[in-house]
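Below is one structure, written out as C-alpha cells; comments come after it.
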Number of protein chains: 2
Amino acid sequence: MTNRTQFEREREREGETTLSTLLRRGEMFDTNCPGREILKHLTSRWGVLVLIALLEDDHRFSDLRRKIGGVSEKMLSQTLQTLEADGFVKRFSHPVVPPRVDYSLTPIGREAAMKVREFADWIEINIGRIMNGKRVAEA
Amino acid sequence: MTNRTQFEREREREGETTLSTLLRRGEMFDTNCPGREILKHLTSRWGVLVLIALLEDDHRFSDLRRKIGGVSEKMLSQTLQTLEADGFVKRFSHPVVPPRVDYSLTPIGREAAMKVREFADWIEINIGRIMNGKRVAEA
DNA sequence: CAGTATCCTCATTGATACTG
DNA sequence: CAGTATCAATGAGGATACTG
C-alpha cells in the first residue's frame with residue numbers, strides 16, 4: 001500500500017527536479033501538483049503571519065490570536081490545522097484545565113518559515129521601488 | 001497632491017523596515033499594508049506561472065496561454081494586467097494586424113520572479129520531505 | 001482557554017460567447 | 001490574435017453562538 005502519487009513516482013524516476021524545470025518541460029501544470037497546494041498554504045493570508053510569528057517564538061492559541069490582529073478564531077484554527085497537516089507546525093496540548101495549547105514550528109516548518117520571511121522581507125525592502133514603479137506604469 | 005499613504009509616510013520616518021520587524025512591532029497587521037497585496041499578486045495561482053515563464057523568455061499572449069495549460073483567457077489577461085499594474089511585467093503591443101502583443105519582465109519584475117522561482121524551487125526540492133512529514137503528522 | 005458549529009456574504013474563478 | 005462581457009459555480013472568509 002502506498003500513498004505515493006503518480007507525480008511522485010515520476011519525479012523519482014527522473015531525479016530531482018524543480019518547479020522551473022517542470023515548467024520548462026511543461027509538467028507542472030498538473031493541477032494535482034502537490035507543490036501548488038503547499039505554496040498556497042505557505043503564502044495564505046494568515047499562514048504567512050502565523051509562520052513569521054512562530055519563527056520568533058512558540059505561541060499558544062490566544063497569543064497568536066492577539067498578535068495577529070484581525071484574524072478570527074475560525075481562520076486561525078483553520079490555518080493552524082492546515083500547517084500542522086502539512087507538517088510545518090507542531091501542536092502540543094497540555095493536559096491541564098483550563099486548556100493550554102502551544103504551537104511551534106517543526107524543523108522543516110522552520111525552514112519554510114524562513115523562506116517565507118525572506119520573501120516577505122524582499123517585498124518590504126523593495127516596497128518603495130515597487131510603489132514607485134506602479135505610479136510610472138500607470139502614467 | 002500625493003499618492004503616498006499613511007503607511008508610507010510612517011515608513012519614511014522610521015527608516016527601512018522589514019515585514020518581520022513590522023510584525024515584531026505589530027504594525028504589519030494593517031490590512032492596508034501594501035506588501036500583502038504584492039505578495040498576493042506574486043504568489044497567485046497564475047502569477048507564479050507567468051513570472052517563471054517570462055523569466056525564461058518573453059512571450060506573446062497565446063504562447064503564455066499554451067505554455068500555462070489550464071489557464072483561461074480571462075485569468076491570464078487578468079493576471080497579466082495585475083502584474084503590469086504592479087510594474088513587474090511590461091506589455092508591448094505591436095501595431096500590426098492581426099494583433100501581436102509581447103510580454104516581458106521589467107528589471108524589478110525579473111528580481112521578483114527570481115525570488116518567486118527560488119521559493120517555488122525550495123518547495124519542489126523539498127516536496128519529498130514535506131509529503132513524508134505529512135504522513136507522519138497524520139499518523 | 002481553545003476551540004467547533006452554523007449561517008451568510010462576497011470575492012475569485014471558470015465557461016461561454018462575442019469583438020476590434 | 002488578443003482580448004472583453006456576461007453569467008454561473010465555487011470557495012474563502014467573517015459574525016455569532018455554543019462547548020469541553
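The sequence lines fix the lettering, A, B, ..., with proteins before strands; numbering per chain opens at 1.
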Q | Sugar-phosphate, base or nothing in reach of A/R60, heavy atoms under 4.0 Å | A | sugar-phosphate
Q: Respond yes when some side-chain nitrogen or oxygen of B/S77 is under 4.0 Å from OP1 or OP2 of D/dG3, and no when none is.
A: no
Q. For B/R91 and D/dG3, is the shortest distance between a side-chain N/O and OP1 or OP2 below 4.0 Å?
A. yes
Q.
Pick the closest DNA chain C nucleotide for A/R100 and for A/K74 by heavy atoms, then say which residue is nearer the 5' end.
A. A/R100
Q: Could you work out which one of C/dA2, D/dC1, D/dG14 sits closest to the side chain of A/R45?
A: D/dG14
(Q) I need the CZ-C1' distance between A/F61 and C/dT4, as an integer number of Å. (A) 10 Å
Q | Spacing of B/L80 atom CG relative to D/dC1 atom C1', expressed in whole Å | A | 14 Å
Q: Send over the distance from A/E73 CD to D/dT16 C1', rounded to a whole Å.
A: 11 Å
Q) In Watson-Crick or G-U wobble terms, both distances under 3.5 Å, what is the partner of D/dG20? A) C/dC1
Q | Basic-acidic side-chain contact under 4.0 Å: A/R129, B/E111 | A | yes
(Q) Nearest to the side chain of B/M75, heavy atoms from C-beta on, is which of C/dC1, D/dA12, C/dG14? (A) C/dG14
Q) Can you tell me how far P of D/dA2 sits from OH of B/Y103, to the nearest Å? A) 8 Å
Q) Is the distance from OP1 or OP2 of D/dA2 to the nearest side-chain N or O of B/S93 less than 4.0 Å? A) no
**Q.** N/O donor-acceptor pair under 3.5 Å between B/T106 side chain and B/K90 backbone
**A.** no
**Q.** Rounded interatomic separation in angstrom, taking CH2 from A/W46 and P from D/dG13
**A.** 9 Å
**Q.** Side-chain N,O (A/Q81) to OP1/OP2 (C/dT4) below 4.0 Å
**A.** yes
(Q) Using salt bridge (charged side-chain N to carboxylate O under 4.0 Å, His left out), reason through B/E73 and B/R65 one step at a time and then give a plain yes or no. (A) CA-CA 7 Å; B/E73 293 182 348; B/R65 181 139 163 56; 3.7 Å; yes
Q: Provide the Watson-Crick or G-U wobble partner of C/dT6, both distances under 3.5 Å; none if there is no partner.
A: D/dA15
Q: Name the nucleic acid region contacted by B/S72, choosing base, sugar-phosphate or nothing; use a 4.0 angstrom heavy-atom cut-off, strictly under.
A: nothing
**Q.** Pair A/E56 + A/K67, salt bridge at N-O below 4.0 Å
**A.** yes
Q. How long is the line joining NZ of A/K40 and P of D/dA12, in whole Å?
A. 5 Å
**Q.** A/I68 CD1 - D/dG14 P separation (whole Å)
**A.** 12 Å
Q) Just how far, in rounded Å, is P of D/dG14 from CD of A/Q78? A) 10 Å
Q. Can you check whether A/H59's main-chain N or O pairs, donor with acceptor, with A/D63's side chain at less than 3.5 Å?
A. no
